[in-house]
Amino acid sequence: MEYAPREIEQKWQQWWREQRVYEVTHQSDKPKYYVLDMFPYPSGAGLHVGHPLGYIASDILSRYKRLRGFNVLHPMGFDAFGLPAEQYAIENGIHPAVSTADNIKRYKQQLDNLGFCYDWSREVQTCDPAYYRWTQWIFLRMFNSWYDRQADRARPIAELIRAFETGGSQTVDAVHSHDEHFTAAEWLDMSGEQRQETLMNYRLMYRKVGYVNWCEALGTVLANDEVVNGVSERGGHPVEIRPMLQWSMRITAYAERLLHGLDTVDFPEALKQMQRNWIGRSEGAQLFFELERHADRLEIYTTRPDTIFGATFMVLAPEHDLVERIVTPDQRATVEAYLAITKSRTERERQIEKAVSGAFTGAHAVHPFTGKRVPVYIADYVLKGYGTGAIMGVPADDERDQRFAEKFNLPIVPIVDKSMYPDAGMEDKVGTMIHSDFLNDMEVPDAIRAMLERIEQMGIGHRKVQYKLRDANYSRQRYWGEPFPIVYDQQGVAHDLQESELPLELPNVSDFKPGGGKGPLAKRTDWVQTPLPGGAGSGQRDTDTMPGFAGSSWYFLRYMDPRNPTALASSEAIQYWQDVDFYIGGAEHAVGHLLYSRMWHKFLKDYGIVPTEEPYRKLVNQGMIQGVVESALLHIPTRTFVSAELADEYPADELAEILVHAEMVSDYGDLKNAHLTAEGIAQFKHWRPDYAGHTFRTAAGSDRFFLRSEVGKMSKSKYNVVNPDDVVAQYGADCFRMYEMFLGPVEMSKPWDTKGISGVSGFLRKFWGLFFDEKTGFSVSDAEPTRDELRVLHTCIKKVTDDIERFSMNTCVSHFMIATNELRKLQCNKRAVLQQLIVLIAPFAPHIAEELWRRIGHNTTVCDAQWPSFNEALLKEDQINYPVSVNGKLRANLELPAETEQEAAIAAALALAPVQKWLEGKAPKKVIFVKGRMINVVV
RNA sequence: GCCCGGAUGGUGGAAUGGUAGACACGAGGGACUUAAAAUCCCUUGACCAUCAGGUCGUGCAGGUUCAAGUCCUGUUCCGGGCACCA
């Protein structure tokens, strides 16, 4: 009987759905296992063959864990708020809610088509009010929290207020934005408004005027990780730095925990490194320089306090508060001109130029050790947002300071003798101190230690750990996101909504265009005007919405108890499911989602809402399946298309690359052989009538017109999108799943290439064929399996089990192929062998497995079968082939019975004539057994 | 510039320090067929060969080891991330 994948697949997909085979509950005695995919943003383009790679791998793992007796949580949902839907609305007038719902529907159809074992009853959508109610709830909890450094956790803001009332600002060690000192009496003297302003300095969600990444084209502010090379990640629009009143998330409070947590989780090393770099911890000193003729002191940050004797100038960031106060009248014009230039330049221009620039303020600082006058400059290579926004210039030991000193003719005093370290770079922390007073002759690390001590003794500074990580901007001047559950009073003080007022639903609007630095919500004045919480007068709602990462920062918790109306998830559900055991998704979220959600999790841990410090135990980044971009070479002057191998005959600048639709290409995906046949050329001319009159030149004697191919993104605009639905229609979902795994390791990126799929397709037919007899149809035997048959089966069980455990899905497919081929040779149709093989293959090809499982006589789903265990004894062969090598070189093979003792093997090996020859009469020093088989004789 | 990865046949890729190239594609040859498709069988890293086998071979140069694709040092190229972070 023919293997008809589509028939089988549709039948079982429907049955699984109707029988709710994949729904799970936390009321279970089984151990839990949580397998999570990064949920997709449902774009209008639908899925292409690259998207399901990670989903297939996680589906296999989920099914495997279920067969191993785990209660497996494997949910799916949609990250449904965000910019693209809103841009689409602006361009086409379709409400984001409508287009998002359409896209989700299409995604679900495409996913179901592949036979995934998601528990769809747990689906979440971040744009659903029942979901974002809890996103708003977490926001408010953060708003009403501060970070206690002493306890190293977030705590309710009410406790901070009590501390201020009793002891002022000095009684607590709280994370805050800027230093403030006040006594309890001063706190009590403050107006309500002043107190609220003070509290903003401590809240974990807080408002501040900050320099933010403003994108004019998108009409919104962006987070640091949403800005790439000075342009917006989405759309590539220019981004400028602008001061705006914005919500911020105090992620910096968690910097140290985010860093340390990385040592406890199983993430790819590269990803951990990316997060470490993003957090950017450095140890150094914050220290003060007195300013000449000024009461203000200049506070700088340095990781090299040992080099202070080489400090010959100071540099402030152009935006530094002190600039205005210290600039001298004769330098005012120069400084203002420089400030004007820095302001007018966009972030992008500044990054591209990298030219040394700056201006002298006319002011001088006093060197704390030498008492010398040190000139104070401003320059944009010093950043306002890092450290104190001021540095000491040490041109002998820092490349940027050196360039600056050369440009402005400032003295360069050598302070580290690196002659003992010829390979050391300028900024390496090695060498011997010179021209450095009491530090002279010390090695750099000792000098750093000595100087830190001296600075603290003298009271001119202190040790300080500094992070590159900044607080995340949390406001977006957009429509399609979570509204802030906040109302402002006349004084602009933020009041939080009561929990009973949540969710604050996103109101409908008809005009989605942003304008005047405000989002579309500002136009709904009827919605904006609202009584203050508690009814004390009228107020105004926040017209911004939350950023895309808000909803995705905690979605994995909602899956645990997705319909709970009274909590983000019940504590029983969270206690049972705990955390994510296996998380799979793209590496592009390394410093965005993965950092934010880790922080939210730690925050929730601080309040005992979740039991674990880290949300994800193990993370795998799946690679991308790329497309191949095919183009035909056009020789413009002669209006002739030229086959790629003839390109050398034409001047390169007269050739243009014209994109060709992948559907017309023969051998698509093969970088060397992709070509158009006569039929393909006809299709191309029909598709591009503007080229219908052009001639196509192929090499003499060839009817193939070769294309120029390169690996690139799979995208509509490159005409190279391969839809998984089409592959499934032709080969079946089981074949598609196995083939994507067979292409290579899940972590690896590779171009899509359909050519190899025939191998997997053929394998599935052969596998199916094991169960059928040409004449009698379905036929399995109840006879006892032979030793050979069992050996094939148990080898396969062992290898597949080992390989799934180490997430090596591609080699699993090979093991299935080997087992199937061998059983075919043995003409094995024994039930005892085949039914175990079905279970092995079920995670990879669930439909064919289900069908055969039923046919073989089971009346329950294969999903509830038990993973077979293997018998080690059966793996041993009756005869063992002993390769014998002398000094590591293979010399001979000898066959011995498996039961032979090692001594017998040695004796036999050494007696072997070829080995005798290589021993050259010498006595062996030692004999080494390898894997209990191979013998190496060392002479 | 800095930090991570990676480099294995014509191709995708296998190899807990232990017979490199599993498995698959492609290619070549053969069987079946009027023919094609499908299917099946054989060959397929390079070189030498008296056809028994031998020599070389995992980007390059060294090292450790009885034994290195795998570990160490240096180097080249490719991919990814960060980039005035004091």
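Order of the sequence lines fixes the chain letters, A, B, ..., with proteins taken first and strands second; residue numbering starts at 1 for each chain. These values consider heavy atoms only, across backbone and side chains, with no hydrogens, waters or symmetry-generated copies.
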Quiz prompt | Protein-nucleotide distance (A:D803, atom CG; B:rA15, atom P), rounded to Å | solution = 7 Å

Quiz item: Charged N to carboxylate O below 4.0 Å: is that the case for A:K798 and A:D802?
Solution: yes

Quiz item: How long is the line joining NZ of A:K468 and C1' of B:rC2, in whole Å?
Solution: 9 Å

Exercise. Would you indicate what A:N810 reaches in the nucleic acid, counting non-hydrogen atoms under 4.0 angstrom: base, sugar-phosphate, or nothing?
Key: sugar-phosphate

Practice problem: Starting from the 5' end of RNA chain B, give me the residue, A:Q466 or A:K750, whose nearest nucleotide shows up first. | Solution: A:K750

Exercise. Just call it for A:D397: base, sugar-phosphate, or nothing, with non-hydrogen atoms closer than 4.0 Å on any strand.
Key: nothing

Quiz prompt | Candidates B:rA86, B:rC25, B:rA14 - which lies nearest the side chain of A:T303 | solution = B:rA86

Practice problem: Mind calculating the distance between OH (A:Y731) and P (B:rC25) to the nearest angstrom? | Solution: 12 Å

Quiz item: Are any of A:R403's side-chain N or O atoms less than 4.0 Å away from OP1 or OP2 of B:rC84?
Solution: no

Quiz item: Salt bridge check: are A:E256 and A:R281 linked by an N-O gap of less than 4.0 Å?
Solution: yes

Exercise. Write down the distance separating the C1' atoms in B:rU70 and B:rU65, rounded off to the nearest Å.
Key: 13 Å

Quiz item: Looking at the side chain of A:S282, which of B:rC23, B:rG26, B:rA86 is the nearest nucleotide?
Solution: B:rA86

Exercise. Pick the C1' atom in B:rA35 and in B:rA22, then give their distance to the nearest Å.
Key: 37 Å

Exercise. Check every strand shown and say whether A:P268 touches a base, only sugar-phosphate, or nothing at a heavy-atom separation below 4.0 Å.
Key: nothing

Quiz item: Tell me, what's RNA chain B's dot-bracket, Watson-Crick or G-U with both distances under 3.5 Å, | for other-strand, [ ] crossing?
Solution: (((((((..(((.....[....)))((((((.......))))))((((....))))..(((((..]....))))))))))))....

Quiz item: Expressed as a whole number of Å, how far does the C1' atom of B:rA14 sit from that of B:rU19?
Solution: 15 Å

Quiz item: Around atom CE of A:M624, are there more than 12 heavy atoms of other residues, nucleotides or ligands at under 6.0 Å?
Solution: no

Quiz item: On a whole-Å scale, what distance lies between the C1' atoms belonging to B:rG59 and B:rC78?
Solution: 10 Å

Quiz item: Looking only at atom C1', what distance separates B:rC23 and B:rA15, rounded to whole Å?
Solution: 12 Å

Quiz item: For B:rG9, is chi within 90° of 0 (syn) or not (anti)?
Solution: syn

Quiz prompt | 5′-ward residue of the pair A:I391/A:T811 relative to RNA chain B | solution = A:T811

Exercise. Measure from the side-chain heavy atoms of A:N936 and tell me the nearest of B:rA86, B:rC66, B:rA15.
Key: B:rC66

Exercise. Using a heavy-atom cut-off of under 4.0 Å over every strand shown, decide if A:V382 touches base, sugar-phosphate, or nothing.
Key: base

Quiz item: Which nucleotide in the set B:rC23, B:rC3, B:rC25 lies at the smallest distance from any side-chain heavy atom of A:F742?
Solution: B:rC23

Practice problem: Give a yes or no on whether the backbone of A:D398 and the side-chain of A:R304 come within a donor-acceptor separation of less than 3.5 Å. | Solution: no

Exercise. Kindly indicate, with the supporting measurements, whether the criterion side chain to side chain contact (heavy atoms under 4.5 Å, CB included) is fulfilled by A:C828 and A:L770.
Key: CA-CA 7 Å; A:C828 169; A:L770 289 176; over 6 Å; no

Quiz item: Looking at B:rC23, B:rA86, B:rC4, which one has an atom nearest to any side-chain atom of A:Y386?
Solution: B:rA86

Quiz item: Thinking salt bridges, do A:R297 and A:E299 make one under a 4.0 Å N-O criterion?
Solution: no

Quiz item: Which nucleotide in the set B:rC25, B:rC4, B:rA24 lies at the smallest distance from any side-chain heavy atom of A:Q273?
Solution: B:rC4

Quiz item: Taking atom C1' of B:rG13 as reference, at what distance in whole Å does atom NE2 of A:H815 sit?
Solution: 13 Å

Quiz prompt | d(CE, A:M809; P, B:rG13) in whole Å | solution = 18 Å

Quiz prompt | Euclidean distance, atom CE of residue A:M624 to atom P of B:rG5 [Å, nearest integer] | solution = 20 Å

Quiz item: Is A:E283 atom CD crowded by more than 12 heavy atoms from other residues, nucleotides or ligands, each under 6.0 Å away?
Solution: no

Practice problem: Using the C1' atom on both, measure B:rG69 against B:rU58 and round to a whole Å. | Solution: 5 Å

Practice problem: Write down the distance separating the P atoms in B:rU11 and B:rA27, rounded off to the nearest Å. | Solution: 15 Å

Quiz item: From B:rA86, B:rG13, B:rC23, pick the nucleotide closest to the side chain of A:S814?
Solution: B:rC23

Quiz prompt | Sequence-distant partners of A:E269, side chain to side chain donor-acceptor pair (under 3.5 Å), two or more places apart | solution = A:R276

Self-check item: Whole-Å C1' distance, B:rA52 and B:rA38
Solution: 40 Å

Quiz item: Can you tell me if the side-chain N/O atoms of A:R276 get under 4.0 Å from OP1 or OP2 in B:rC4?
Solution: no

Quiz prompt | d(CE, A:M748; C1', B:rU8) in whole Å | solution = 12 Å

Quiz item: Aromatic ring centroids of A:F844 and A:F816 under 6.0 Å?
Solution: yes

Practice problem: Return the set of residues passing side chain to side chain donor-acceptor pair (under 3.5 Å) with A:D266 (not counting sequence neighbours), or none when no residue passes. | Solution: A:K618

Exercise. Report which part of the nucleic acid A:K766 touches: base, sugar-phosphate, or nothing (heavy-atom distance under 4.0 Å, all strands).
Key: sugar-phosphate

Self-check item: Whole-Å distance separating the CG atom of A:L743 from the C1' atom of B:rA24
Solution: 10 Å

Quiz item: What nucleotide among B:rC23, B:rC3, B:rA15 has an atom nearest to a side-chain atom of A:R806?
Solution: B:rA15

Self-check item: Given B:rA22, B:rG13, B:rC84, the nucleotide with the shortest approach to the side chain of A:D380
Solution: B:rC84

Quiz item: Nearest of B:rC4, B:rA86, B:rA14 to any side-chain atom of A:A270?
Solution: B:rC4

